[in-house]
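FYI, side chains are in, hydrogens and waters are out, and symmetry mates aren't considered; it's all heavy atoms of this structure. Chain naming here is simple, since letters A, B, ... match the order of the sequence lines and numbering starts at 1 in each.
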Amino acid sequence: MKKYVLRRLLQLIPILLVITFLSFGMMRLAGSDAVLQKMENTGMVVSQEVIDSARAELGLDKPFLTQYFVWLGNLLRGDMGTSYISGQDVFSTFLSKLPATLLLTAVSILLTIVISIPLGVLAAVKQNRFTDYMIRTASFLGNSMPNFFVALLLMYFFSIRLKIFPVIATGISVQSVALPAITLAIAMSAKYLRQVRAAVLDELSKDYVVGARARGISFYTTLTKSVLRAALVTILTLLTLSIGSLLGGTAIVESIFLWDGVGKLAVDAINMRDYPMIQAYVMWMAIIYVCVNLITDLSYRALDPRIRLGGEKV
Amino acid sequence: MKRQPVLSVEDLSVSFRMYDTGLEQADLQVISNLTLDVCPGEIVAIAGSSGSGKSLLAHAVMGLLPGNASVTGKILYKGMLLSQKEKEKLRGKEIALVPQSVSYLDPLMTVGAQVTGRTPDEKTLKAQKEIFQRFHLKEGTEKLYPFQLSGGMARRILVSTAVLSNAQIILADEPTPGLDLEMAVEALKIFRELADEGKSVLLITHDIDLAFHIADRVAVFYAGTTVEIADAEDFQKGPKALRHPYSKALWEALPQNGFKPIPGFQPYAKDLPKGCLFSPRCPYKTEECEKEIPMTKVRGGYVRCIHAD
Amino acid sequence: MQIEGKNLSFRYGPKLPWVLKDVSLTVKEGERVGLVGPSGYGKSTLVRILAGYLKPEEGQVLLDGKPLPAKGVCPVQLIYQHPENAINPRWKMKKVLQESGMFREDIMGALGIEKDWLQRYPRELSGGELQRFCVARSLFPGTHFLFADEMSTMLDVITQAQIWDLMLKEVEARNLGLLMVTHNMELAKKICTRTINLEKMNHEMKI
């Protein structure tokens, strides 16, 4: 078990090498660079010499491979560099944005779970009855509204009419996180609800459910102890992917609510060709996905004895 | 004096509403006018063709049929008419099922928890150990999960579950396939002992040669109805003692009795023939056979054939 | 032609107990062999290894002294206990036959497949009827061995006699080698030229 976790974490090393190299390369292909972007944004017209010296200062005049290995060498010494744009330390800038993203992720995932699992199970149990139709209609609505639209609707009702929550985030607080989290949760719940319903229906149609009924076990017990546990394996896979992408930040929602998370940071960094910042973001994403997948696989093992004991591959 | 049956099924019909491609609807009549009873202390074996509604009968009695099934007729337990609610109350306690396949075991639960319940008392645990021993299931088997069992082990677990439930009547749906002769005989012996204690067993099986020797009575099913119900003794004696041409054909198709198959197929539930359901395959068919055929008493047994004597 | 299993050993995981240990057997063309033995002695596993569906941990499977071909029609065809699991439930029966090129009058005639079954879905046929399709679609020109793993266990005795009757006619006409797993000694007696008891051959017993 320990060995397994260690092996999975060691896999991170080649993944990080490949992915940082690729992102480095792709940013080069995109043309332009941090110096040009900075000049353009300030609207100054400067001479080629100034540009060249600014480039030399950042090391942008060196060949591509050299730049990559210099960056890599610094990284190994624990230095992620400074932002080309702000001149601040990349690592501490990134860290400062993390709490916001973590909070938003946690709250929106929690909301999604609280909304989608009970409703999905209810819809499955009441299949093709009124309750089911209502839940499915709600899910359909949630699915068809784009994020920004939901965000604006929520702002209108909760901030402008009811004045419960602030329109834009005022620091990291429960008040501020509510609207962005609800926006994200609505979209995700609408999607999950259908998946939960399908997974539960699928489990309910299996023979072992009939078998349990025949043994006189109540439907509620079978539902909670067996069906839900089996359905969770499917749901978990989906949740993992969502947690991954949420931790990567949600640029649109973060921008609308001025929520200062890593999503906004990443979009800004890409626009400004702020390479060290982009690299930090890319590495963060790789680490998230490897870790989240690892946690999911471990929870599969806890949920399903076939995986835990049979050596069956996930 | 006739004893009061534990379970009696009267004029039971079951049909399924099926949706074909598109919106076409069809009703599949899978059980028609079936009548059967089981008395205390008795094993009634149900023999018959695959797909003749044997398992469905068990599921109908337990109230386990899916939502698109419609049921007419009566099912009585100790003389009391059973509604769905009562079936739910009785199942697992008074009426137990040995399901047909391993897939009826919960894949996420240990075998022990399924056989004895999650929180068994001392007595149940002792009984479980005893029965596992009889079935040559090693100590520790109760800690395994269903996917770790071989087909034969799973079958023995399924039988153990029903036996331990202490039910008055056990509906055993194919308890023996995948078991070697020794184990199959052991399973049937356990059923015989339960019956001798006053309980009842409805034994649905293709291993009819074994069933003939362990059961008290045998009911032969064909295309969803009973064609003959008679003492098991008659089935041991052979075709001369039997009444329905299908029962005779079953006997003669056994490997040890000639291995001779009659031609033809059981009719498909979508287009059942008029009158006698066996008539398309019957050598004695006459015009009369297209009318409704009742069960009649012939030589001490019941038969659904106008030509039986 | 002959298929030979040499000193086969198998287990489902490196630390799990052996299911088979040091088992050898040979089936020749034109021979009908019954494989019997108590539950849990690895009968099904052995058949699967011989058909090339599982790789043995030790030992080898040889067809006329050479390993089984990895590509093309396997000369060994396997028929299972549950035909409903071996057929695509979303295909009509005609398509099932067409897939393996067996939508042919002679094959359907030989196995007593009725015309109106072809337009049905698998769930609209009984186990015995489906099993005929499973046999039909394994009768390739290149098939030399048929392995039947409890093929008729879930069938009633009339259907069982029907399908074995048809099967044996084909096996004889094509001079196929037959290996059948069964618990029914009477059935084995009726069908096989010899029987092998795995209890005596398998050096590792499980439960």
Trainee: Counting only heavy atoms closer than 4.5 Å, note whether B/Ile208 contacts chain C via side chain, backbone, both or neither.
Mentor: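 The answer is the side chain of B/Ile208.
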Trainee: Less than 4.5 Å to any heavy atom of chain B: does that hold for the side chain of C/Gln162, its backbone, both, or neither?
Mentor: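 The answer is both parts of C/Gln162.
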Trainee: Tell me if the CZ atom of C/Arg194 is crowded by more than 12 foreign heavy atoms within 6.0 Å.
Mentor: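 Yes.
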Trainee: Output the option from B/Ala253, B/Ala269, B/Ala184 having the highest count of non-hydrogen pairs under 4.5 Å with chain C.
Mentor: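 Most heavy-atom pairs within the cutoff with chain C belong to B/Ala253.
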Trainee: Taking the six-membered ring of B/Tyr222 (Phe, Tyr or Trp), confirm whether the NZ or CZ of B/Arg281 is under 6.0 Å from its centre and within 45° of its axis.
Mentor: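 Judged by the rule, B/Arg281 and B/Tyr222 form no cation-pi pair.
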Trainee: Below 4.0 angstrom, N of the basic side chain to O of the carboxylate: do C/Glu172 and C/Lys169 qualify?
Mentor: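 Salt bridge between C/Glu172 and C/Lys169, a charged N being under 4.0 Å from a carboxylate O: no.
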Trainee: Given the options C/Gln160, C/Arg120, C/Lys43, which has more heavy-atom pairs under 4.5 Å with chain B than any of the others?
Mentor: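 Between C/Gln160, C/Arg120, C/Lys43, the count favours C/Arg120.
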Trainee: Below 4.5 Å from any heavy atom of chain C, which atoms of B/Gln266 appear? Answer side chain, backbone, both or neither.
Mentor: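 Just its backbone gets close to chain C.
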Trainee: Would you mind checking if B/Glu139 and B/Lys129 are paired as a salt bridge, meaning a charged N to carboxylate O distance below 4.0 Å?
Mentor: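 Salt bridge between B/Lys129 and B/Glu139, a charged N being under 4.0 Å from a carboxylate O: no.
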Trainee: Strictly distance-based, threshold 3.5 Å: is any side-chain N or O of C/Glu31 a donor or acceptor partner for the main-chain N or O of C/Lys28?
Mentor: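 Pair found, side chain donor or acceptor close to backbone of C/Lys28.
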Trainee: Ignoring hydrogens and geometry, is there a side-chain-to-backbone donor-acceptor pair from C/Asp149 to C/Ser44 under 3.5 Å?
Mentor: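 Absent.
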Trainee: Can you tell me which of C/Leu155, C/Leu187, C/Thr153 forms the most heavy-atom pairs within a distance under 4.5 Å of chain B?
Mentor: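 Max contact count across the listed options: C/Leu155.
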Trainee: So which residue, B/Gly151, B/Ser101, B/Gly258, B/Ser52, ends up with the most heavy-atom pairs under 4.5 Å with chain C?
Mentor: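 Option with the top pair count is B/Gly258.
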Trainee: Is it the side chain or the backbone of C/Met185 that comes within 4.5 Å of chain B heavy atoms, both, or neither?
Mentor: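 For C/Met185, no heavy atom lies under 4.5 Å from chain B.
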Trainee: Taking side chain as everything from C-beta outward and backbone as N, CA, C, O, which of these in B/Phe259 sits under 4.5 Å from a heavy atom of chain C? Side chain, backbone, both or neither.
Mentor: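 Its backbone and side chain both get close to chain C.
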Trainee: Is chain B contacted by the side chain of C/Ile191, its backbone, both, or neither, given a heavy-atom distance below 4.5 Å?
Mentor: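 It is the side chain, since no backbone atom gets that close.
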Trainee: Are any side-chain N or O atoms of C/Ser9 and backbone N or O atoms of C/Asp22, one a donor and one an acceptor, separated by less than 3.5 Å?
Mentor: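 Side chain of C/Ser9 to backbone of C/Asp22, a donor-acceptor pair under 3.5 Å: yes, one is there.
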Trainee: Honestly, is B/Lys248 close enough over B/Trp251, meaning NZ or CZ under 6.0 Å from the six-membered ring centre and within 45° of the axis?
Mentor: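 Here B/Lys248 fails the 6.0 Å and 45° test against B/Trp251.
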Trainee: Out of B/Gly48, B/Gly152, B/Ser49, B/Pro177, return the one with the most heavy atom pairs under 4.5 angstrom to chain C.
Mentor: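 Most heavy-atom pairs within the cutoff with chain C belong to B/Ser49.
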